[in-house]
Protein chains: 2
Amino acid sequence: MTPADRFIEPLVRESTPSIIADKLRKAIGHGELKAGQQLGEAELARELGVSRGPLREGMQRLTQEGLLFSVRNRGLFVIEMTPENVRDMYLARSAIERAAAEQIFLLDPVSAGDELLDVTQQMARAAARQDIATVSDADIEFHQRLVSLARSPRLTRIHNTLLTETRMCIHALEDTYRSSDERVAEHRGIAEALTSSDHALTDQRLVAHMDDAILRLATAGTGPGRLGLVDQR
Amino acid sequence: MTPADRFIEPLVRESTPSIIADKLRKAIGHGELKAGQQLGEAELARELGVSRGPLREGMQRLTQEGLLFSVRNRGLFVIEMTPENVRDMYLARSAIERAAAEQIFLLDPVSAGDELLDVTQQMARAAARQDIATVSDADIEFHQRLVSLARSPRLTRIHNTLLTETRMCIHALEDTYRSSDERVAEHRGIAEALTSSDHALTDQRLVAHMDDAILRLATAGTGPGRLGLVDQR
DNA sequence: CGCTGCTAGATTGTCAACCGTCCAATAGTT
DNA sequence: AACTATTGGACGGTTGACAATCTAGCAGCG
């Protein structure tokens, strides 16, 4: 982290497919690529200024992660967030995050909780000024941090994948969210359960948090064609 | 599931990268490709009779799954199963399988347990004739079935990835296993906990099963250079 | 009028050849 | 013997081309 690093470090850039995958992930998470939309490889390759090979590899990655689905000889499409899909996603996220929390309790739950409380404070500040986008970012950050605190490469990798899908939902539903304060409180509750070294409470609050998210997304999904939550085409 | 389906269904064959990925997965799971070994793409492409494009896509998939790791401008290598890696893998597997079990309890734990008991019977028959390879297959099958019974696409997908890594370990450790009968009993215990609709017991036995596996693999890893569990090179 | 079958266009899937980059082993020097 | 320069080999990426396949539109027929 010395100043000199800034000059000698950036020589090793990550591979092109990695960059492409990241860009696409962000585009999907931010809703620039909509659910069900097709990704034409010729067009994308031109736009991104790369050839089809690395592009295909990058898209391959997202397909593997479940963000895209492929139809043979037809192309790749952005996954559609059916209510069932949302439920399943949160089921998987719940599995990962609960396991992460359990792992944290074998390490250092108190300092982990403290770190997460920092995030909730950022979230609270953003909520105070009605900056919902930043609240959402902090939301994601909170869960990402939670899992990374378990120091498990696999849990982290799996969770990252799931988070992109979450981002898809959150972004599209930001405005439908209930009170931001409530949202902050829920996260703070989890962090505080950690600092108080109460495993059962942490687990319980995590589960409640997930169930709550499913509920909100499900009711939004039953609305009039909101998102891509109901049948496309 | 009508008989006619058998004639109209199989028209879509899987893509070349899929086939390649499967072949490599099997090769790794069966120990034909050893831990730490490099996969030269030129050579592999020649052997498999495909060009570099699809081959790279297939290998890309395994990299994403964590079975291979890539070193820039050097190539792809089979992951090395360090004791730490094994621990992390079982941590992730535990997270998934426990969540799957919990989900099964919301569906039909009794018939699920019955189905798993069938698998344990196969396992028992193989154990009776000292066919350890088949016991291992049944072991994998048991866990695969367990997760698929939760009917969660994501849990299933994630778990499949982890199982290939498991297969790597199991195959290499088959001969070091303690009594096969004990192994059968452990699995039967889990299945019976399901049929008796005892969630807490199921969870407890699952955790015990995983911890047991870690313990066995860890002690085997401390042996004299067994597997690729200790430092390669 | 509706259905079948064909054709054209577009897109994906695969291959092959080419070059720049980077690592690592080797050879050569001090 | 230790260090440095060279060089070979493999990967990463690009380009271009061709085959396979799907969609859509149109002609022909009952």
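This is a predicted model, so every value here is computed, not measured. Here is the naming used below: chain letters follow the sequence lines, and residue numbers restart at 1 for every chain.
Counting to the nearest Å, the P atom of D:dG12 and the CG atom of B:Asn73 are 6 Å from each other. Rounded to whole angstrom, the span from the CZ atom of A:Arg72 across to the C1' atom of D:dT21 amounts to 9 Å. Rounded to an integer number of Å, the gap from CD of A:Glu14 to C1' of D:dG13 is 16 Å. Taking atom CZ on B:Arg74 and atom P on D:dG12, their separation rounds to 11 Å, with Å as the unit.
The stretch residues 55-63 of chain A does not touch DNA chain D, since none of its heavy atoms comes less than 4.0 Å from the strand. Residues from residues 41-53 of chain A placing a heavy atom under 4.0 Å of any atom in DNA chain D, listed by number, are A:Val50, A:Ser51, A:Arg52.
Checked for salt-bridge contact, A:Arg216 and A:Asp212 meet the test: a charged N lies under 4.0 Å from a carboxylate O.
The backbone N or O of A:Ala95 lies less than 3.5 Å from no partner atom in the side chain of B:Glu102, so there is not a single donor-acceptor pair.
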Report task. Check the pair B:Lys23, B:Glu47 against salt bridge (charged side-chain N to carboxylate O under 4.0 Å, His left out), reporting the backbone distance first and the verdict last. Result -> CA-CA 12 Å; B:Lys23 281 202 170 191; B:Glu47 274 180 38; over 6 Å; no
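At a threshold of 4.0 angstrom between heavy atoms, the contacts of A:Leu76 with the nucleic acid are absent.
Contact annotation: B:Ser15 side-chain N/O to C:dG13 OP1/OP2 distance is not under 4.0 Å.
Atom CG in A:Leu68 sits 10.0 Å away from atom CZ in A:Arg25 (nearest 0.5 Å). Rounded to the nearest 0.5 angstrom, A:His187 NE2 and A:Leu206 CG are separated by 9.5 Å. Taking CD of B:Glu115 as the reference point, atom CG of B:Leu149 lies at 4.5 Å (rounded to 0.5 Å). One distance of note links CG of A:Leu67 with CG of A:Leu76; it measures 11.5 Å at 0.5 Å rounding.
When the local axes at the two ends of the helix from C:dC1-D:dG30 to C:dT30-D:dA1 are compared, using 5 base pairs at each end, they differ in direction by 10° after rounding to 10°.
Checked against salt bridge (charged side-chain N to carboxylate O under 4.0 Å, His left out), A:Arg157 has no partners two or more places apart in sequence or in another chain. Every residue two or more places apart in sequence or in another chain that forms a salt bridge (charged side-chain N to carboxylate O under 4.0 Å, His left out) with A:Glu41 is listed here: A:Arg52, A:Arg56. For A:His159, the ring pair (Phe, Tyr, Trp, His ring centres under 6.0 Å) criterion is met by no residue, not counting sequence neighbours.
Contact between A:Phe142 and A:Leu116 at its shortest, heavy atoms only, is O-CD2, 3.6 Å.
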